[in-house]
Amino acid sequence: MTGNKGVVSDTLDSLSFWVSWSWTYLLMLWFLLIMFLIWFLRAPLRLHENLDQLGFFMNSLTPKFYVALTGTSSVISGIILIFEWWYFHKHGNSLIEQLALTYVAPFIGGIDLPEKPAQSECKVWRNPMNLIRGCEYFKFMQATGNSPLTHYDMNLTAQDQQMFFCPDVSGAGDKSDELMALAWRSVDTEKRIQLALQAVASNSGCASAYVLLAEECASTVPEADKYFRQALKIADNNIRRFVAVPSHDVKAHSLHRRDINICVYARRRVAMCLRKMGKLKECIKITRELIKEFPLMSVLHIHENLMESLLAQKAYNDVQALLTRYDDLNLPKSAVICYSAALLKIRPVCEKFFVDVTVKKGLTTHQFDAVEALQRAVEFNPHVPQYLLEEKPIILPPEHLLKRGDSEAVAYSFYHISHWKEVPGSIKFLECFWKDTFKLIPFPLEKGKLFHPYTAGTEETDRELLPPFHDVSVYPKKELPFFLVFTAGLCLFTLSLALLTHFYPIFMGELARIALEYFATPFAMIAEHLQALLPQQVWNLLTRA
C-alpha cells in the first residue's frame, strides 16, 4: 500500500513539473499564434488600407492633441506614483512588484513567491531613568496639551506595577491590598489616586499606596521624595518583623516578597529624587548600597542610575571601574554602557583634537582607540548621535524602551547630553567620526560587525512607545523600490513633455517626427534584409493583401 502511494506521489510530482515547464513556453506559442492569425486575416482586416489611414491621421494631428496626450500620461503616472508611495510607506514594498509576483510570475515561470521572514519579538525593557508621572510627565501634558506617554507604554507600566506591588497569592493581604489591586489595574489617574487614599485611610501602613501617591499625586519632587521615604520606612519595618519571626505560611512569604520589591523600588526612587534635587553624594551612596544588598536585582539596571550620577559628579575613575564590571561579553549591553565607555575613551584626546592636523598626520594610538569605542557605540545604537548633536529635538523619555531603538536613544540623550557637553571637544569628535561606522557594518544587515544584526520590527515597537508628535528615527533606512523610482521618473518625463509641447509646439512636433523616423529605421532595415534573403515568390505571397 505504501509503495502504491509512493508511485502516485511521484507521478503527481512529474505531472506538475511538466505542466510548470509547459507554461514557460506557452507565452511564446501564444505570440506566434497571434502573429499567424493576423497574417492570415490581413485581407479581410484590410491592414494595408488601415495602416495608410493611420499614417494620414497621425500627420493631420494638431499640437493640442500631443499636449493632451502627454498631459493625460503625466496625470495617470502621477496617480500610480501616489499609490506606490502610499503602499511603500504602509507595507514597505512596491505595489506593482507585489501584483506582478502574485498574479503574473506564476503564469510565466512558476516562480515561488518569497516568504516574508517572520519578525522576531522585540523585547521591551523598563526604563531605569523614567521620570515621575505627577510632577514631570503630567506637568508637561498640562503645559503643552500633548501626552508624553502612549497607552502601550502606560499599559506595560501597569503590568509591572501589578507584578511588583501586588501579592502573588490571592487573599494574602487585607482590605487596603484589595483596594490597591483595583488601583493598579485602573487606567484613570484620578480613580487610582482616590483608591490609594482610601487604602491609606483603611491602613496607614499600606506601603504600595504611598508609592502610587508619590508617582502620580505628588506635584513636586520633594513631595514625591517624602511619599517614597514613607513607603520605604513601612516596607523596612515589615521586612524586619518577618526576619525576626520567620513564618512558613505561603501568604506571609508572598507579602514578604512584595515588601522586598517595594523596598528596592522606593530606595531607588528616593535616590533619583535626590539626584533631581542636586544631592549627588547622598544619591550615589544609596544606589551603591542598593546594588550591594540586592545583587540579583541587576536586571533592573540600577547600575545605570549609579553611572549617570557618577558622570554628573565627574567621577570618571569610578565610572571606569563600574564599566569594567558591567561591560562584559556575557551581560546585556545598553546605550548607557556603550556610549559611556566611548565618552571615557574620547575625553583624554578630544581637547587636543584638530581636524587639519589629523588629516595631515593621521590618528594617534589613543585617538584610534577612541574612534573604535565610538564606532562600537554607534553600531549598538545608531540613533543616539543625532540627539547628542542636537540634529533632532529631545523629548521626555518613555517609561519603557527598546534596546538599540529610537526610544533608548531618547532616554539616554535626555540625561547624558549634559555629560557630553561637560567634556570639551567631545561633541566635535563625535560629529567627525560617527558616520564612518556605517561603512564598516555589512550591508544588507545579515550580520553585524560587533553585535547581532538589527532585529525586524524595531520601528513598529518604537512607534508604540514614543508619542505621535515625535518623528521616529529609523535604521536601517528602507531602500526605495525600483517601480517607485520608475513611476516618479515617468511622471516627471511626461509632465516635461506636456509643458514643452504646450510652449514649443512646432519644435516638439518636428522632434517627434524625427524620433519616429529613427524608431522605424530598424524595422525598415529588417524588411529590406528579409526581401533580399527570401525568394521573390515567397515575399509576394507574404505581402499580398
Side-chain angles (χ1 to χ4, degrees), residues 126 130-139 141-142 149 154-245 247 249-274 276-277 286 290 294 300 399:
R126 178 83 177 174
N130 66 307
L131 305 180
I132 302 172
R133 283 191 184 179
C135 57
E136 291 175 311
Y137 287 122
F138 290 165
K139 278 191 174 180
M141 185 168 60
Q142 293 173 358
L149 300 175
M154 297 175 73
N155 286 336
L156 291 176
T157 303
Q159 295 174 17
D160 294 338
Q161 291 169 341
Q162 291 177 54
M163 182 180 66
F164 263 74
F165 306 133
C166 293
D168 51 8
V169 177
S170 60
D174 53 10
K175 182 181 178 181
S176 62
D177 292 312
E178 295 177 359
L179 291 171
M180 288 309 301
L182 295 174
W184 296 125
R185 286 195 293 267
S186 176
V187 295
D188 184 16
T189 303
E190 294 296 331
K191 185 178 180 181
R192 286 160 67 95
I193 294 174
Q194 291 299 324
L195 289 170
L197 292 174
Q198 293 177 22
V200 171
S202 174
N203 179 12
S204 59
C206 183
S208 58
Y210 287 104
V211 170
L212 191 146
L213 293 174
E215 290 287 352
E216 303 189 13
C217 184
S219 58
T220 60
V221 174
E223 186 180 356
D225 177 63
K226 181 181 177 181
Y227 280 124
F228 281 126
R229 289 182 183 274
Q230 184 67 24
L232 177 60
K233 181 180 178 181
I234 296 171
D236 282 337
N237 291 334
N238 292 338
I239 293 172
R240 290 193 191 98
R241 280 198 297 267
F242 182 85
V243 172
V245 185
S247 174
D249 184 35
V250 176
K251 295 182 179 180
H253 277 276
S254 175
L255 292 174
H256 178 63
R257 286 192 295 271
R258 190 270 313 269
D259 290 330
I260 291 177
N261 291 336
I262 292 177
C263 178
V264 174
Y265 185 87
R267 287 176 69 178
R268 181 184 193 173
R269 296 302 260 176
V270 167
M272 293 179 68
C273 289
L274 292 171
K276 296 175 190 297
M277 292 186 288
I286 293 176
L290 193 58
F294 301 96
L300 299 177
E399 294 182 334

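Below, each value reflects all heavy atoms present in this structure, side chains not excepted, and no hydrogens, waters or symmetry copies.
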Would a 4.5 Å heavy-atom cut-off, applied to side chains only, mark I239 and C263 as touching?
yes
So OH of Y210 and OG of S204: to nearest 0.5 Å the spacing works out to 6.0 Å
Verify the neighbour count for atom NZ of K226: are there more than 12 heavy atoms of other residues, nucleotides or ligands below 6.0 Å?
no
Give a yes-or-no answer on whether the side chains of R240 and N237 include a donor-acceptor pair shorter than 3.5 Å.
yes
Can you tell me how far CG of N155 sits from CD of E399, rounded to the nearest 0.5 angstrom?
11.0 Å
Which atom pair, heavy atoms only, marks the closest approach of I132 to F228?
CD1-CE1, 4.4 Å
Could you give the distance from CD (Q230) to CG (L232), rounded to the nearest 0.5 Å?
10.0 Å
To the nearest 0.5 angstrom, please state how far the CD atom of Q194 sits from the CG atom of L182.
14.0 Å
List the atom of A207, the atom of A235, and the distance in Å for their closest heavy-atom pair.
CB-N, 4.4 Å
Y227/V211 under side-chain contact (heavy atoms from CB on, under 4.5 Å): CA gap, chis, key distance, verdict
CA-CA 7 Å; Y227 280 124; V211 170; over 6 Å; no
Hey, are D225 and R269 close enough for a salt bridge, meaning a charged N less than 4.0 Å from a carboxylate O?
no
Between R133 and E215 (salt bridge meaning N to carboxylate O under 4.0 Å), is one present in this structure?
no
Shortest non-hydrogen contact between I262 and A231, atoms and distance
CG2-O, 4.2 Å
For A196 versus L212, what's the shortest heavy-atom pair and its separation?
CB-CD2, 3.8 Å
Over all heavy atoms of both residues, which pair between I260 and F294 is shortest? Give the atoms and the distance, please.
CG2-CE2, 3.9 Å
Between V221 and M277, which heavy-atom pair has the shortest distance, and what is it?
CG1-CG, 4.0 Å
side-chain contact (heavy atoms from CB on, under 4.5 Å) between W184 and M180, intermediate numbers included
CA-CA 6 Å; W184 296 125; M180 288 309 301; 3.7 Å; yes
OG/S219 to CD/E136 distance, rounded to the nearest 0.5 angstrom?
12.0 Å
Does D188 come within less than 4.0 Å of R192, counting only side-chain N to carboxylate O?
no
Could you tell me how the ring of H256 sits relative to the ring of F242: parallel (under 30°), tilted (30 to 60°) or perpendicular (over 60°)?
parallel
Exercise: do T157 and Q161 side chains pair donor with acceptor under 3.5 Å
no
Report yes if the side chains of T189 and F138 come closer than 4.5 Å at any heavy-atom pair, otherwise no.
yes
I234 and D259: CA distance, side-chain angles, deciding distance, side-chain contact (heavy atoms from CB on, under 4.5 Å) verdict
CA-CA 9 Å; I234 296 171; D259 290 330; over 6 Å; no
I need the S208 OG to L179 CG distance, nearest 0.5 Å.
10.0 Å
